[in-house]
Structure formats: structure tokens, C-alpha cells
Amino acid sequence: MIDYLEELNSSQLAAVKNIEGPMMVIAGPGSGKTRVLTYRIAHLIKTGIDAFNILALTFTNKAAKEMRNRIETIINNSEAHNLWMGTFHSVFSRILRIEADKINYSPNFTIYDTSDSRNLIKSIIKEMNLDKDYYKPSIIHNRISNLKNNFITPDGYENSPELIQTDKIAKRDAFSKIYYKYNQRCFKAGAMDFDDLLLNTYHLINEFPDILYKYQNKFQYILVDEYQDTNHIQYLIIKKLAALNENICVVGDDAQSIYSFRGADIQNILNFQSDYPDYLTFKLEQNYRSTSNIVCLANSLINHNKKQINKEIWTNNHKGEKTIICKTIDDNEEGRIVSNTISEIQRKEKTLWVDYAVLYRTNAQSRSLEEALRRKNIPYKIYGGLSFYSRKEIKDVLAYCRLCINPDDEEAIKRIINYPARGIGNTTMQKLIITADNLNLSIWDILINIEKYDLKINNGTKQRLEDFTQLINSFIITKDKYDAYELVEKIIKNGGIYHDLFSDKSIEGINRFENVQELLNGIKDFCKNTKENKLDSFMQDVALLTNEDNEKENDKNKVTLMTIHAAKGLEFPYVFVIGMEENLFPSIMTIDSKDGLEEERRLFYVAITRAEKRLFLSYALNRFRWGKYIDCEPSRFLDELDKQLIDFNEIKITKKPTYKKPYKLYTKIKKEASTKSSNLKKIDSIKNNLKYFSNTLNENIMVGQNVQHSRFGNGKVIKIDGEYANQKATIFFKGIGQKILLLKFAKLKIIK
DNA sequence: GTATTATCTAAGTCT
DNA sequence: TAGATAATAC
């Protein structure tokens with residue numbers, strides 16, 4: 001057994017050993033916060049507290065998983081399995097599924113993700129014939145989400161002249177009606193959105209004292225990580241749950257609060273102090289992560305913020321190198337410089353790729369980076385952006401699955417009632433929705449009793465609807481007979497998805513097919529690893545999954561590309577923060593308000609403090625944004641950094657290559673080629689361009705070579721067909737078999 | 001009702 | 001620029 005208490009410094013040890021009572025740990029970046037949390041939980045269990053009685057709320061599911069594993073090794077038994085540990089959303093959805101009947105939901109309720117919610121709002125706006133210039137789904141949704149997070153129901157909204165006035169001015173008089181309808185439709189569809197998971201949990205424990213009591217007794221020890229990023233509802237729920245025992249430990253850092261847009265409220269830290277007057281504070285101020293230069297640089301930045309809890313972050317680590325700020329001509333050059341620098345350091349210092357991270361303010365910035373890294377054959381992985389689970393083909397398959405579990409799910413029905421095309425169009429769908437809405441029933445209720453209602457549809461359409469109902473029913477009937485994998489396989493085959501995807505031989509089509517295959521593989525793994533291998537179990541938290549939750553083995557040693565938000569809690573030896581420009585970072589949306597600006601500064605603080613050994617900052621004078629080049633100015637944050645800790649422009653600006661930007665060239669060609677124009681001259685010139693393009697990107701892949709593919713792993717090239725951009729390689733992958741891949745999309749790396 | 005093409009419009013961070 | 005929507009032809 002590891003003697004865990006030996007590995008802590010005095011303040012960490014004090015925080016770990018203080019078992020009873022309310023306590024707050026203020027933990028600077030790199031100060032061993034996760035260590036304190038894991039050791040504290042391990043210590044609780046070691047002193048005889050039952051793991052069943054511990055609740056730990058983390059910020060990501062990945063963090064929870066890692067922590068659980070570490071606790072398991074520390075305490076050397078499997079008791080850690082009994083811990084309740086996860087994000088607020090996943091823990092609360094688990095409680096809600098157990099207690100669903102109390103609030104008139106089925107335990108199999110659906111979780112609507114952002115796009116489900118927005119689609120629903122969009123159709124409500126359409127049904128109400130509202131002016132879509134004033135009623136934009138995303139704005140309405142944000143507003144609803146904000147209200148929910150501030151605990152304001154539609155009725156509460158109606159009672160607030162102030163809120164009503166705000167919407168009146170914005171010409172959104174019908175807002176409260178939309179809000180009301182949205183809730184009603186979610187409920188009827190047996191669905192909760194992300195905010196409902198919190199709100200309904202609050203309702204549950206607020207209105208059912210026996211349930212509150214049950215969980216108060218169960219969760220005798222509560223730990224909350226990243227407390228600075230909890231919102232008001234989360235605060236209220238924790239407060240209620242902890243009220244009986246008051247054994248609550250919150251861990252956070254006000255300087256790293258970066259989620260106010262999601263309702264996070266630093267006020268929660270102050271509330272904690274007034275709620276539990278006899279609380280104890282532990283400050284972790286020693287940074288073990290970064291060089292002293294980086295720690296001082298971060299301090300010099302964050303001192304510009306007015307709102308702060310007093311603390312002094314310091315380190316014993318050696319000085320290290322200065323931070324480099326690099327000016328570049330445009331975003332493409334920025335990408336090139338970053339990738340050149342990475343490969344240079346990698347060559348000199350023999351590091352792993354996983355030691356590098358490139359961080360940015362917005363997801364859109366990843367593109368120029370990707371291009372540069374690919375050109376240098378540097379393996380990378382992008383986090384965030386379009387998640388695997390938000391791809392159309394994946395959502396389609398999951399919509400079938402959702403219907404099997406909860407046929408009332410309106411968004412799922414809308415998604416697939418005509419996918420694959422079965423002749424049920426918009427008009428029919430509108431009739432169904434309106435009838436259901438009028439009768440206060442779900443669409444499925446109408447479908448299964450279609451004879452009973454006068455929908456004014458012709459017999460052909462009616463037959464098609466009946467066929468659809470029959471199809472879904474056939475899955476529902478057999479859903480307990482098969483495990484999740486078998487059932488989804490049946491759905492894909494019988495539902496016509498397989499046929500639809502398989503017949504599409506375009507590049508995108510092949511890609512979609514592969515994605516569905518990957519989903520199936522994921523479900524197969526799930527079935528192998530759990531006893532509860534029915535579809536119900538698989539679907540339970542699928543809406544709460546993110547890309548990080550299904551990390552692949554061969555993704556491990558890669559350069560990380562992610563937003564700063566996503567990088568919270570992580571650390572890397574080498575960190576690049578790109579796009580240090582006004583209007584981008586700080587974002588243009590925040591520069592008008594002091595609070596907004598302070599939050600952006602905290603965000604930059606988070607970015608800086610991810611770095612262990614070296615930090616590189618860069619900005620471009622020109623950036624391709626919103627379809628055109630715009631002039632940029634360096635970020636004001638750069639001026640706020642201590643100049644003594646910085647070297648400007650140490651990286652030499654590489655000579656601009658003479659070729660045009662391949663990406664642009666390619667999209668242009670794709671567009672031209674698809675217009676089927678038979679202008680010979682044009683095609684000729686396109687061919688020449690493509691030749692150039694494919695030569696630059698494919699790095700001369702030849703028969704017999706060993707190559708690496710991001711998904712399939714290592715393989716050998718057997719055959720190459722086609723010309724230029726249409727070049728296809730037949731490759732044999734170990735353990736997977738033969739695949740035909742289009743070279744320009746396959747992102748192959750030659751292995752020597 | 002469906003598939004294709006032309007036009008318009010928005011543009012952030014995440015569970 | 002890219003995604004959504006409107007317009008058009010089948």
C-alpha cells in the first residue's frame with residue numbers, strides 16, 4: 001500500500017486529515033488539488049467511512065474516472081466502486097432515474113442535448129408563426145437556460161415585470177409563451193434538457209422531504225471539485241444535501257473561474273462562508289507544476305484583476321526559460337511556426353508528442369493548426385469541436401435507439417420519421433405535431449392510434465406512418481431479448497440505415513459509414529464490459545458523453561489541440577497559446593464589461609498555468625475570420641505580463657512558401673468540379689492544380705509502404721488507384737483487414 | 001414529396 | 001467560410 005500521507009505537504013495533509021465539518025480548500029494552479037481530493041477520499045475510506053456514504057462531484061467524467069482508479073490503487077481494494085462520483089449532471093441524472101416516478105417521469109427519460117433543445121424551440125417558434133428575426137432559437141435557448149439556472153420557472157418569469165420588460169424591449173413579447181411551451185413539450189416527450197437535470201433534482205429534494213432525507217443520510221460526506229464553477233442551483237442542491245451532516249468539502253480557485261456564461265457564480269464561495277460560519281479554510285499556494293518563470297508570469301497577469309481572494313502562489317521549482325511571444329504575419333504562418341517549433345523541440349529533447357498542447361480561445365482556430373501539423377507529419381488530436389456524438393449519422397442511429405427506450409421522444413421522431421426517406425414529409429409531420437399539441441399527447445400517442453384521429457392525410461401517407469410505427473414497435477418488442485449491440489445492429493439493418501449509408505460511395509458517405517461502424521464498436525465494448533448490457537443502460541448517459549470519454553488507445557501519444565476551457569485541470573510540459581489578439585482573446589463579446597474582461601483574464605491565467613516547462617504565446621497581424629482577412633492587434637493581456645519574463649520573437653519567422661494555400665485551392669476545385677461543367681480547359685487546369693495539391697499532401701505514398709492511420713492503426717499499402725485528388729489506396733490494417741481509403745482524407749503517416 | 005441548386009446570414013466558451 | 005434556408009425542377 002502507498003503511504004499516502006507521506007506524499008503530502010503540510011497544508012495538503014491538513015486538508016486531507018480534516019474529516020468532519022464544512023471546509024473550503026482554495027487551491028492555486030498546480031498545487032496538488034486533485035491529489036488532495038483523491039487522498040482525502042482514500043483517507044475517509046481508510047478511517048472506516050463506507051464508500052457508499054461519499055459523494056464526489058467533479059467537473060468532467062474523465063476526472064472522476066481517473067480519480068476512482070487512483071483511489072482504488074491507494075486503498076488497494078475495490079470498494080471505490082461504491083463511491084458516487086461524477087459530474088453534477090451525471091450524478092443527478094442517476095438520482096433522477098431512480099426517483100423518476102415522483103416527478104412523473106419514466107426512469108427511461110431522454111436527455112435533450114443543446115441541438116435537441118434548439119430544434120424544439122425552432123419548431124415552437126415556427127408553429128407560433130413568430131418573426132424569426134426577433135426569435136432566434138439560440139438566443140431563446142440561452143435565455144431559457146439562464147432562467148432555469150437562476151431558478152426561475154415560467155410562472156416565476158410571469159411574476160417579474162423586470163424580465164418581461166427586457167423581452168418586450170427586444171421585441172420578444174411571446175417569450176414566456178415559448179418558455180412555457182418548451183417545458184411542456186419536453187415533459188410530454190419524456191425528456192429533460194441539461195438544465196432540467198439540475199432543476200428537477202432541486203424540485204425532487206425540495207418537495208419530497210423523505211427523499212431528501214434518504215440522500216442526506218446516504219451522502220454523509222460530500223466533496224465538490226472546481227467549486228468556483230458551480231452555479232446557483234448546484235449550490236442550492238449541495239447545501240440541501242449537506243444540511244444534515246455538514247460534512248462538506250469544496251475545492252476551488254476563484255482565479256480560475258471561467259464558466260460564468262453557464263451561470264457559474266463566484267458568489268458561491270462567499271455564500272459558503274456565510275452558510276457555514278465555523279468552516280475551515282485551507283490554502284494550497286505552493287505550485288509544483290510550473291517553472292518559477294511561468295508562475296511569476298501568471299501572477300503578474302492575474303494581479304490586474306480586482307476581484308480576488310487574497311493568496312500568494314509561489315514555487316520552489318527552478319527558474320526555467322523565459323516565455324516567448326511571437327508575432328506572425330497571419331494565422332497560417334502562426335500554425336507553421338507552432339508546428340516547426342514543436343518538431344524542433346521534439347528532435348532536440350526527445351519528448352513525446354503528448355507533452356505538447358496548443359490552446360486557443362475558439363474552436364475555429366484549430367484549422368490552420370491542423371493543416372500545419374499534418375504537413376509536418378505530427379500526430380495530433382483535437383478535443384471539442386464537433387463531437388463524435390453530434391455527427392448527423394451518429395445522431396440518426398441514436399435517435400432510433402432513443403425511440404426504443406422512450407417512444408415519446410419528439411426530437412428523435414422528427415429526426416428519423418423520414419430517414420431513410422420513406423415519403424413522410426414536412427406537411428405530414430406538421431399535422432402530427434399540431435394534433436399532438438392540441439390534444440396534449442405525444443406524437444407517438446397519435447401514431448399508435450392513428451385510426452382514432454382525423455389527421456386529414458391520404459391513405460398512402462397513413463400506410464407509410466403505420467409502417468414506421470410498426471418498424472419502431474418491432475424494435476421495442478425485442479429490446480429486452482437482445483443485448484445493446486445486437487439490437488442496434490438490427491436497427492441499422494432493418495431500419496434501412498445500413499442500406500442508405502452503404503449505397504453512398506462518396507467520400508463523405510464512406511466516412512459516415514465508418515463512423516456508424518465505430519459507434520457499433522463502442523456499443524460492443526460496452527456490452528463486453530458490463531453485466532447490464534441492454535440498450536437501456538447504454539443509452540442512460542449517452543447524451544452526457546463527450547469526446548474525451550471515448551479516447552482510443554492509439555490516440556494516446558499525440559499533440560493536444562483544445563480550447564482553453566477544455567484544458568482546465570490539465571497540464572502539459574510545452575504549451576502554446578495562439579491567437580493572442582484583441583477581439584479574439586479577449587473575445588469581442590466581453591470587452592465592454594469589466595466582469596467579462598476579468599473573466600477573460602482568468603481564462604488566460606488558466607492557459608498560462610497549464611504549462612510545466614515552457615510557454616509560447618503568439619499573435620497574428622492578419623487573420624482569416626468570417627470569410628475574409630481582417631487586421632488584428634496584439635492582445636492587451638500581453639502588455640500586462642511582466643516584461644522581464646518574456647522574450648519577443650525568438651522564433652525566426654519562416655520564409656513564406658511560394659505555393660498557394662492548398663486548403664483554399666482544394667475547396668475551390670471541389671466546388672468547380674462539382675458543377676459538372678465540361679469546359680475542357682478548365683478541367684485541365686484543375687487537374688494540374690490537383691496534381692500539385694495531392695503531391696504536397698500525400699507525401700508520395702507508395703505500394704509496399706507501412707503507414708499509420710488515425711483510426712485503424714498501422715497497415716501496409718497494397719494498391720493505389722485513381723489520379724490526383726481521387727487517389728485511393730488499398731491498405732491492409734492488422735486486425736482490421738483491408739480498407740480502401742481516399743488519400744487526401746485518410747491523413748496517413750508514413751512509418752519508416 | 002424529394003433532390004438539387006442558389007442565396008442568405010452569422011460568426012463563443014460547455015454539460 | 002459554412003451552415004441553413006429558400007427556390008427550383010423533377
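Computed from a prediction, not measured in an experiment: that's the story for all the values here. Reminder, nothing fancy here: chain letters follow the sequence lines and each chain counts from 1. Computed from heavy atoms alone, side chains included, the values below leave out hydrogens, waters and symmetry copies.
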Which nucleotide in the list [options] gets nearest to the side chain of [X]?
X: Ser587(A); options: dG12(B), dT15(B), dT13(B); result: dG12(B)
X: Ala421(A); options: dT15(B), dT2(B), dG12(B); result: dT2(B)
X: His89(A); options: dT15(B), dT13(B), dT2(B); result: dT15(B)
X: Asn418(A); options: dT2(B), dT13(B), dG12(B); result: dT2(B)

Closest-nucleotide ordering on DNA chain B, the 5'-leading residue of Ile258(A) and Thr427(A): Thr427(A)
Contact nearer the 5' end of DNA chain B, comparing Thr563(A) with Arg625(A): Arg625(A)
Quick one: [X] [atom1] to [N] [atom2], roughly how many Å, whole number?
X: Ile588(A); N: dA10(B); atom1: CD1; atom2: C1'; answer: 13 Å
X: Asn426(A); N: dA3(B); atom1: CG; atom2: P; answer: 13 Å
X: Asp133(A); N: dA10(B); atom1: CG; atom2: P; answer: 8 Å
X: Leu359(A); N: dG12(B); atom1: CG; atom2: C1'; answer: 16 Å
X: Glu371(A); N: dT1(C); atom1: CD; atom2: P; answer: 13 Å

Residue Phe502(A) excluded, over 12 heavy atoms near CZ under 6.0 Å: no
Paired stretches of DNA chain C - 3 or more consecutive Watson-Crick or G-U pairs, each distance under 3.5 Å: B:1-10 with C:1-10
Leu570(A) side, atom CG; Thr609(A) side, atom OG1 - distance, nearest 0.5 Å: 11.0 Å
Ring-on-base stacking dT1(C) with Phe624(A) (under 5.5 Å, under 30°): no
Have a look at [X] and say if it touches a base, only the backbone sugar-phosphate, or nothing, with a 4.0 Å heavy-atom cut-off.
X: Arg361(A); result: base
X: Asp195(A); result: nothing
X: Ile424(A); result: sugar-phosphate
X: Gln234(A); result: nothing
X: Tyr259(A); result: sugar-phosphate
X: Asn363(A); result: sugar-phosphate
X: Thr114(A); result: base
X: Thr428(A); result: sugar-phosphate

Test item: Ser587(A) and Glu600(A) side chains (from C-beta on) under 4.5 Å apart, heavy atoms: yes
Test salt bridge (Lys or Arg N to Asp or Glu O under 4.0 Å) applied to Lys414(A) and Glu411(A), step by step: CA-CA 5 Å; Lys414(A) 279 199 284 204; Glu411(A) 291 309 303; 3.1 Å; yes
Distance flag, aromatic centroids of His565(A) and Phe261(A), threshold under 6.0 Å: yes
Cation over ring face, [X] and [Y], 6.0 Å, 45°:
X: Arg97(A); Y: Phe109(A); answer: yes
X: Arg262(A); Y: Tyr259(A); answer: yes
X: Lys392(A); Y: Tyr419(A); answer: yes
X: Lys239(A); Y: Tyr235(A); answer: no

Under 4.0 angstrom between Lys136(A) side-chain N/O and dA10(B) OP1 or OP2: yes
Got a list of side-chain donor-acceptor pairs under 3.5 Å for residues 124-131 of chain A, not counting sequence neighbours?
{"residue": "Glu127(A)", "atom": "OE1", "partner": "Arg185(A)", "partner atom": "NH1", "Å": "2.9"}
{"residue": "Glu127(A)", "atom": "OE2", "partner": "Arg185(A)", "partner atom": "NH2", "Å": "2.9"}
{"residue": "Asp131(A)", "atom": "OD1", "partner": "Asp133(A)", "partner atom": "N", "Å": "2.8"}

Of residues 118-128 of chain A, the positions that come close to DNA chain B - non-hydrogen atoms, cut-off under 4.0 Å: none
Shortest non-hydrogen contact from Ile608(A) toward Leu301(A): CD1-CD2, 4.1 Å
P-based separation of dA4(C) from dT13(B) [nearest Å]: 16 Å
Donor/acceptor link under 3.5 angstrom from Thr60(A) side chain onto base of dT15(B): no
